[in-house]
Asker: 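Have a look at the structure that comes next, please.
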2 protein chains.
Amino acid sequence: MNIVKCVSEKSEDKIREAAKRVFLKKGFDGTTSRDIAKEADMNIALTNYYFRSKEKLFMEIFKDLMEMYFQSIILILNKPIDIKTKISEVVENNYQMMKQEPDLVIFIMNEIHKEPERLLVKTALYHQLKSTLFNQQLDEGIETGKLRPIRIESILPLMTSCIEFLFLGKEMHQKIFNMSEAEFEAFSESHKDHVKAMICNYLILED
Amino acid sequence: MNIVKCVSEKSEDKIREAAKRVFLKKGFDGTTSRDIAKEADMNIALTNYYFRSKEKLFMEIFKDLMEMYFQSIILILNKPIDIKTKISEVVENNYQMMKQEPDLVIFIMNEIHKEPERLLVKTALYHQLKSTLFNQQLDEGIETGKLRPIRIESILPLMTSCIEFLFLGKEMHQKIFNMSEAEFEAFSESHKDHVKAMICNYLILED
DNA sequence: GAATATTTTAAACGATTGTTTAAAATATTC
DNA sequence: GAATATTTTAAACAATCGTTTAAAATATTC
């Protein structure tokens, strides 16, 4: 999953990709049309020529990023593997994504926070999540007493929040705990393993 | 802990409190000097008269909020109570804070993310955290085999991330799971209890 | 209560914002 | 290869940005 590094020859794509990089780093408010033009190495009028406005360009990019973020999770939730492995994979996937694109989640959260009604369009996500194989496995496990009764609404945030929050506040955590880049890397790796174990420990009841 | 509702008569304070409200809602980039003046119901020149610049005013407010955020946690970490109760209290405190001031954490995270070197000044937080009673209890518990060997660097984010992340993405979670305000309230309450139990479950080894 | 110091005001400053224009450059069509 | 369509350009647009000014209003001092 490489978000921003691909380079197309077409001007429209160059602008879209440049805009994605700048928006992810600076947010909508912090990004100027000239920032995008400069990053794309294109004339400033081309943004509006191809996308009509900064707003339209942003909406297109935001929608793509949201889609990509959720679909990668849903893909794993539907894999035909046991629930313990599945939890590990979701956490692992989350970890790799945050390492590769540390700006993504804070960007999404912050933009939604500023204008939720504009950005949260009608979505089939609820139904998609409820009908995953993961949710079936959860229901069955709870029924047979092998799993602690927790709804998917709780389990899903648990699997993502611990890792995402660590990277969301990466600079802060590094500063507070005096960690170098390498130390944070090692620390986050061990933290990830704690998270996997902790969730499985809690959800899966011993028999 | 009431952050933004107090009303002072002094113009300087009225501006500071209005600025705090607007900054928390819109962030530094999204806030204009005129927004602040309007919220404070004051002439626009007064911001610079009292604080020299929007930047200086922001820095003052940001520093205060950071301080307040961390000191409330450290206070609990130093309470003379057993570690299980302490974990519950930290999570509970975190939950109440997010309910009362849902904008605080996303604001802090986002501003630091945009300009970490400017906002993360030298701090004694590391030493403060390491010398808490909680850290002593942690060391002792690990030594005597009653606690799983986890560093405070991992435990602390675990205690805050699950709750904060839920509220950070409150609008998103509400939308995805079709929750009304009341349903989210009930959900977050039960989620909070899961988090308390899960962390204690993992950290505290049965004998 | 006149003189001084402080606070508040309306108006304007130059810089930057998102966007548009109309001409120039390039590509495509027949 | 002339005619047409598309893409790119430099320049400008009005609006808004953070900030400053200098005068007016108010408070304080003696």
Asker: In whole Å, I'd like the distance from the CD atom of A/E55 to the P atom of C/dG18.
Answerer: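 Taking CD of A/E55 and P of C/dG18, I get 12 Å after rounding.
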Asker: Please report, rounded to the nearest Å, how far the P atom of D/dT7 is from the CD atom of A/E12.
Answerer: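 A/E12 atom CD is separated from D/dT7 atom P by 9 Å.
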Asker: For B/K79, is there any backbone N or O sitting under 3.5 Å from a side-chain donor or acceptor partner on B/K86?
Answerer: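 Yes.
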Asker: Need the pair for D/dT9. Rule: Watson-Crick or G-U wobble, both distances under 3.5 Å, any strand; none if unpaired.
Answerer: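 The answer is C/dA22, by the H-bond criterion.
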Asker: Check for me whether the distance between the ring centres of B/Y202 and A/Y202 falls short of 6.0 Å.
Answerer: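 Ring-ring flag for B/Y202/A/Y202: false, centres at least 6.0 Å apart.
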Asker: Cut-off 3.5 Å, side chains only: do A/T85 and A/D82 have a donor facing an acceptor?
Answerer: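 A donor-acceptor contact under 3.5 Å links the two side chains.
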Asker: Pick base, sugar-phosphate or nothing for B/T47, based on heavy-atom distances below 4.0 Å to the nucleic acid.
Answerer: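 Counting heavy atoms under 4.0 Å across all strands, no contact is made by B/T47.
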Asker: To the nearest angstrom, how far is B/I36 atom CD1 from D/dG18 atom P?
Answerer: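 Taking CD1 of B/I36 and P of D/dG18, I get 8 Å after rounding.
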Asker: Starting at atom CZ of A/R52, determine the distance to atom C1' of C/dT19, rounded to an integer number of angstrom.
Answerer: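 Going from A/R52 (CZ) to C/dT19 (C1'), I get 13 Å.
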Asker: Would you indicate, yes or no, if D/dT8 has its OP1 or OP2 atom less than 4.0 angstrom from a side-chain nitrogen or oxygen of A/Y50?
Answerer: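 For D/dT8, OP1/OP2 do have a side-chain N/O of A/Y50 under 4.0 Å.
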Asker: Given that both distances must come in under 3.5 Å, which nucleotide forms a Watson-Crick or G-U wobble pair with C/dA3?
Answerer: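 Matched C/dA3 with D/dT28 under the 3.5 Å cut-off.
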Asker: Quick check on C/dT7: is either OP1 or OP2 less than 4.0 Å from any side-chain nitrogen or oxygen of B/Y49?
Answerer: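 For B/Y49, the contact criterion (side-chain N or O under 4.0 Å from OP1 or OP2 of C/dT7) is met.
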Asker: Quick one: B/K10 NZ to C/dT8 P, roughly how many Å, whole number?
Answerer: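 Rounded to the whole Å, the gap is 11 Å.
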Asker: Quick one: is C/dT8 close enough that its OP1 or OP2 comes under 4.0 Å of any side-chain N or O from B/S11?
Answerer: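 Yes, such a contact exists.
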Asker: Look at the side-chain N and O atoms of B/N43 and state whether any lies under 4.0 Å from the OP1 or OP2 oxygen of C/dA10.
Answerer: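 Looking at the OP1 and OP2 atoms of C/dA10, one of them is under 4.0 Å from a side-chain N or O of B/N43.
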Asker: Between A/D35 and A/A45, which residue's closest nucleotide on DNA chain C lies nearer the 5′ terminus?
Answerer: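 Whichever sits nearer the 5' end wins; that is A/D35.
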Asker: Under the side chain to side chain contact (heavy atoms under 4.5 Å, CB included) criterion, do A/H173 and A/H191 qualify, and how do the steps go?
Answerer: CA-CA 13 Å; A/H173 289 115; A/H191 190 77; over 6 Å; no
Asker: Nearest whole Å is fine: how far is C/dA15 P from A/R34 CZ?
Answerer: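 After rounding, the reported distance stands at 14 Å.
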Asker: Which residues pass the ring-ring contact (aromatic ring centres under 6.0 Å, His included) test with B/Y50, sequence neighbours left out?
Answerer: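 B/Y50 satisfies ring-ring contact (aromatic ring centres under 6.0 Å, His included) with no residue once adjacent residues are dropped.
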Asker: Report the distance from atom NZ of B/K54 to atom P of D/dT19, rounded to the nearest whole Å.
Answerer: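 These atoms are roughly 8 Å apart.
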Asker: Using Watson-Crick or G-U wobble geometry with both distances under 3.5 Å, which nucleotide pairs with C/dT16?
Answerer: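 Across all strands, the one nucleotide that pairs with C/dT16 is D/dA15.
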Asker: I need the CE-C1' distance between B/M42 and D/dA25, as an integer number of Å.
Answerer: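 From B/M42 CE to D/dA25 C1': 14 Å.
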Asker: Select one nucleotide: of D/dT9, C/dT17, C/dT19, the one nearest the side-chain heavy atoms of A/L46.
Answerer: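 When the side chain of A/L46 is considered, D/dT9 is the closest of D/dT9, C/dT17, C/dT19.
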